Amino acid sequence: MKNIFLFLSFCIGISLSSQTKKIKILSSELSTADEKKFPGATILIGNVKVAHEGATLDCKRALLYRKKNIFKAIGEVVIEQGDSIIQYSDFANYNANTKIAKSWGNVEVNDKEMKLSTDTLYFNRTEQILFYPTKGVIKDKINTLKSNKGTYFLKDKKFSAKTKVNVVNPDNILDSDHLDYYTSTKLAYIYGPSTVFNRKDSTKIYAEKGFFDTNTDISYFVKNAKLFSKDKTVEADSLYYDKKKGFASATNRIKVIDTIQKLVVKGNYAEIFELQDSLFIIKKPVAISIMEKDSLYMHGDTILVTGKPENRIIRTYHNVKIFKENLQGKCDSIHTNQTTGLTQMFVDPILWSGKSQITGDSIHFKTSKDTNALDSLKVLRNSFIIQKDSLDPKNFNQIKGRNIYGKFKDNDLRVMLVKGNAESLYYNRNDETQKLETITKEIASDIEFLLENNEVVQTKYFKETEGKTYPPSQFPEEDRKFRGFIWREDEQPKKMTDIFIKDSQEQVKERKKLLEVERAKAKLNKELRKKRAKKSKLDMEK
């Protein structure tokens with residue numbers, strides 16, 4: 001008995017369900033039939049209107065298949081679903097069992113957020129999804145969206161398309177192979193190769209994943225992101241860009257390419273301020289100046305690039321190291337003017353050029369504006385050049401003075417002029433046997449050196465000179481190193497990747513200790529010289 005009751009309840013449920021799914025005729029000027037031509041169909045003509053589960057359908061003529069629960073509409077078809085959507089077309093077929101409508105011929109759909117135009121459209125009322133398999137156009141208050149095919153989700157106000165999608169507004173053009181666009185928020189989410197082209201200044205963004213706010217011009221991309229402007233390209237794993245504020249931030253594997261000044265800046269976090277023509281980059285940043293036959297790599301804790309291309313400045317701060325095949329260096333900070341080609345090194349600067357170690361209170365070097373090749377060098381105050389003897393690592397050729405000026409040719413240092421309090425110490429070897437023959441120590445107002453293959457081949461002294469050449473056995477041991485001598489080969493970047501190695505605390509302490517000792521020696525020697533001069537003066541007066 002219980003089973004019979006359950007069976008009857010099930011049958012009644014099916015009956016009620018089937019009744020609720022039936023299409024209901026609301027109006028028609030004429031109702032007829034033609035079993036021969038349209039078997040099983042009721043022919044409705046003139047002001048036809050039917051209803052089905054919250055939706056109405058109007059048309060000029062129609063065929064209603066009651067048993068199949070299918071409605072075919074012809075001429076000025078209008079489908080309305082409450083106040084959420086209204087659809088127009090020339091023809092439509094509606095299956096009330098599946099609640100799916102197919103419309104074709106000048107299809108137009110309107111809701112509160114957008115207007116959709118296409119040739120053919122499928123409307124799944126159960127899922128509340130619109131799908132067009134042929135070309136379609138969606139327009140809202142800001143954007144016009146075109147694609148070869150697409151899906152619109154009524155509940156989410158979301159459009160999704162995967163082939164040749166184009167979104168246009170007065171400011172931008174977005175092209176994509178796959179995107180989701182929300183008509184309520186004006187947000188576009190991309191899932192494939194996409195570009196955003198700014199119509200006002202031709203700025204372009206390429207990415208393969210992320211979102212773009214068409215209302216605010218704010219975007220965030222997280223796969224193969226690239227920002228193209230008139231003078232630079234920015235590449236990164238992720239890129240945030242606020243076009244209206246002219247601000248961008250990039251993260252991980254960043255590459256900024258200055259196409260005008262032949263400069264590449266890399267790092268793992270960067271911020272770009274377009275309106276101020278500035279960029280700073282941190283987390284293993286490196287600036288690469290592309291030269292004629294080689295490139296100059298510059299690394300520090302922070303790199304700041306400012307100014308327009310015709311007046312661009314690069315500032316690198318803290319733990320700075322530079323590397324080029326024939327030039328390496330380090331200091332605390334570097335200032336580079338790309339227009340003049342002048343690079344200035346500050347705070348304990350040191351350069352290695354060929355076999356020479358160059359130090360001073362500040363070091364400036366200049367590159368050619370045309371080729372970016374090294375042009376000239378200035379070592380200002382307390383300048384010191386040291387070169388290890390070719391055969392005996394205990395001996396060092398040394399040049400010291402107030403300032404040193406150098407000239408490069410083919411990126412090699414060829415001429416050096418020591419101006420003021422010039423001193424030199426050279427270990428002279430036989431050209432054939434390479435045996436050490438003499439040691440020469442000279443003091444002059446100025447000394448000029450000519451170099452070939454990073455070796456001194458000619459020396460010229462200016463004004464009065466004071467010097468002596470010794471046999472190696474007679475040279476005073478205490479004179480083998482000038483005051484302030486510190487050999488720092490262990491700090492030299494021998495390959496490009498060495499610029500990322502920071503000095504250990506022990507190295508820093510040891511260098512400070514050596515500098516303090518040398519300064520103390522210099523101060524003591526200065527005082528001794530004053531005392532000797534004073535004593536000499538008194539002796540003369542007597």
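The shown structure was predicted, so the numbers you read here are calculated from the model rather than taken from an experiment.
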After noting the C-alpha distance and the side-chain angles of V196 and S219, does the key distance pass the side chain to side chain contact (heavy atoms under 4.5 Å, CB included) rule?
CA-CA 10 Å; V196 180; S219 55; over 6 Å; no
Is there a side chain to side chain contact (heavy atoms under 4.5 Å, CB included) between Y240 and S249? Walk through the geometry before answering.
CA-CA 5 Å; Y240 171 88; S249 65; 3.5 Å; yes
Residues S362, R381; criterion side chain to side chain contact (heavy atoms under 4.5 Å, CB included); working and verdict:
CA-CA 7 Å; S362 66; R381 295 177 298 281; 3.7 Å; yes
Kindly determine whether D258 and K232 satisfy salt bridge (charged side-chain N to carboxylate O under 4.0 Å, His left out), including the steps that lead there.
CA-CA 5 Å; D258 187 325; K232 71 171 71 70; over 6 Å; no
Taking it one step at a time, do I314 and L263 satisfy side chain to side chain contact (heavy atoms under 4.5 Å, CB included)?
CA-CA 10 Å; I314 305 171; L263 173 71; 3.4 Å; yes
Where do D201 and K243 land on the salt bridge (charged side-chain N to carboxylate O under 4.0 Å, His left out) test, with the steps shown first?
CA-CA 11 Å; D201 64 4; K243 177 62 183 176; 2.3 Å; yes
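For the residue pair T336 / T343, a side-chain donor-acceptor distance below 3.5 Å is found, with atom types taken as modelled. In this model, a donor atom of one side chain and an acceptor atom of the other lie less than 3.5 Å apart for Q387 and S356. For the residue pair N143/T214, the side-chain donor-acceptor check at 3.5 Å is satisfied. For the residue pair S229 and T203, no side-chain donor N or O sits within less than 3.5 Å of a side-chain acceptor on the partner. S383 and N403 are not linked by any side-chain donor-acceptor pair at a separation below 3.5 angstrom, with hydrogens and angles left out of the test. Checking N166 against K164 by side-chain atom types alone, no donor-acceptor pair falls below 3.5 Å. Residues E437 and N428 bring no donor and acceptor atom of their side chains to less than 3.5 Å of each other.
Between Y191 and H178, the ring planes are tilted. Angles from 30° to 60° get that label. Using the six-membered ring where Trp is involved, F346 and H364 have ring planes that are perpendicular, over 60° apart on the 30 and 60° scheme. Using cut-offs of 30° and 60° for the angle between ring planes, the F384 and F485 rings count as perpendicular. Ring geometry for Y297 against F323 counts as tilted: the plane angle lies between 30° and 60°, on a 0 to 90° scale.
Interatomic distance, E466 CD to E442 CD, rounded to the nearest 0.5 Å: 9.0 Å. To the nearest 0.5 Å, atom CD1 of residue I173 and atom OG1 of residue T144 are 11.0 Å apart. Atom CD1 of I499 sits about 12.5 Å away from atom CG of N319, to the nearest 0.5 Å. Going from atom CG of L342 over to atom CG of N337 covers 7.0 Å, rounded to the nearest 0.5 Å. Separating the CG atom in L239 from the OH atom in Y220 is a distance of 9.0 Å, to the nearest 0.5 Å. Expressed to the nearest 0.5 Å, how far CD1 of I257 lies from NZ of K226 amounts to 8.5 Å.
Nearest heavy atom pair, residue L145 against residue L179, reads CD1-CD1, 4.4 Å. Scanning both residues, Y206 and P193, for their nearest heavy atoms gives OH-CB, 3.7 Å. In plain terms, the two heavy atoms of M298 and I303 that are nearest each other are O-CD1, 3.7 Å. Summarising the geometry of I254 relative to I281, their closest heavy-atom pair is CG2-CD1, 4.1 Å, with the distance given to 0.1 Å. Minimum heavy-atom separation, Q398 to F396: NE2-O, 3.1 Å. The two residues E489 and W352 come nearest to each other via the heavy atoms CA-NE1, 4.4 Å.
In the displayed structure, K378 atom NZ is contacted under 6.0 Å by at most 12 heavy atoms of other residues, nucleotides or ligands. Enclosure of atom CD in E432 is not indicated, since only 12 or fewer non-hydrogen atoms of other residues, nucleotides or ligands lie within 6.0 angstrom. Around the NZ atom of K209, the shell of radius 6.0 Å holds no more than 12 heavy atoms that belong to other residues, nucleotides or ligands.
Side-chain atoms of K186 do not come within 3.5 Å of backbone N or O of K141 as any donor-acceptor pair. Remark: the backbone N or O of K308 is not paired with any side-chain donor or acceptor of N311 at under 3.5 angstrom. Under a 3.5 Å cut-off, the side chain of D177 and the backbone N or O of K162 do not form any donor-acceptor pair.
Between L450 and V415, the closest side-chain pair of non-hydrogen atoms falls below 4.5 Å. Using a 4.5 Å heavy-atom cutoff, the side chains of L451 and R414 are not in contact. When side chains are defined from C-beta on, R199 does not count as touching P170, because their heavy atoms never get closer than 4.5 Å. Residues S147 and F159 have side chains in contact (heavy-atom distance under 4.5 Å, counting atoms from C-beta outward). When side chains are defined from C-beta on, V264 counts as touching K266, because their heavy atoms get closer than 4.5 Å. At a threshold of 4.5 Å between non-hydrogen side-chain atoms, the residues I486 and T359 do not count as touching. The shortest side-chain heavy-atom distance between K146 and V168 does not fall under the 4.5 Å cut-off. Using a 4.5 Å heavy-atom cutoff, the side chains of D392 and L436 are not in contact.
Salt-bridge check for D217 with K244: failed, with every basic side-chain N at 4.0 Å or more from each acidic carboxylate O. We find that R312 and D231 are joined by a salt bridge, their nearest charged nitrogen and carboxylate oxygen being less than 4.0 Å apart. Contact check on R429 versus D389 returns a salt bridge, with a Lys/Arg side-chain nitrogen under 4.0 Å from an Asp/Glu carboxylate oxygen. Taking a cutoff of 4.0 Å between a charged side-chain nitrogen and a carboxylate oxygen, D301 and K502 qualify as a salt bridge. Electrostatic pairing of D375 and K407 counts as a salt bridge here, judged by a charged N lying under 4.0 Å from a carboxylate O. A salt bridge links R488 to D348: one of the charged nitrogens lies within less than 4.0 Å of a carboxylate oxygen.
The distance between the ring centers of Y182 and Y189 falls below 6.0 angstrom.
Among the candidates I404, I363, L327, the single residue satisfying the side-chain contact (heavy atoms from CB on, under 4.5 Å) test with L377 is I363. With Q492 as the partner, the side-chain hydrogen bond (donor to acceptor under 3.5 Å, both in side chains) test is satisfied by one option alone out of Q328, K321, Q357: Q328.
Because its NZ or CZ atom is both nearer than 6.0 Å to the ring centre of F500 and within 45° of the ring axis, K284 counts as a cation-pi partner of that residue.
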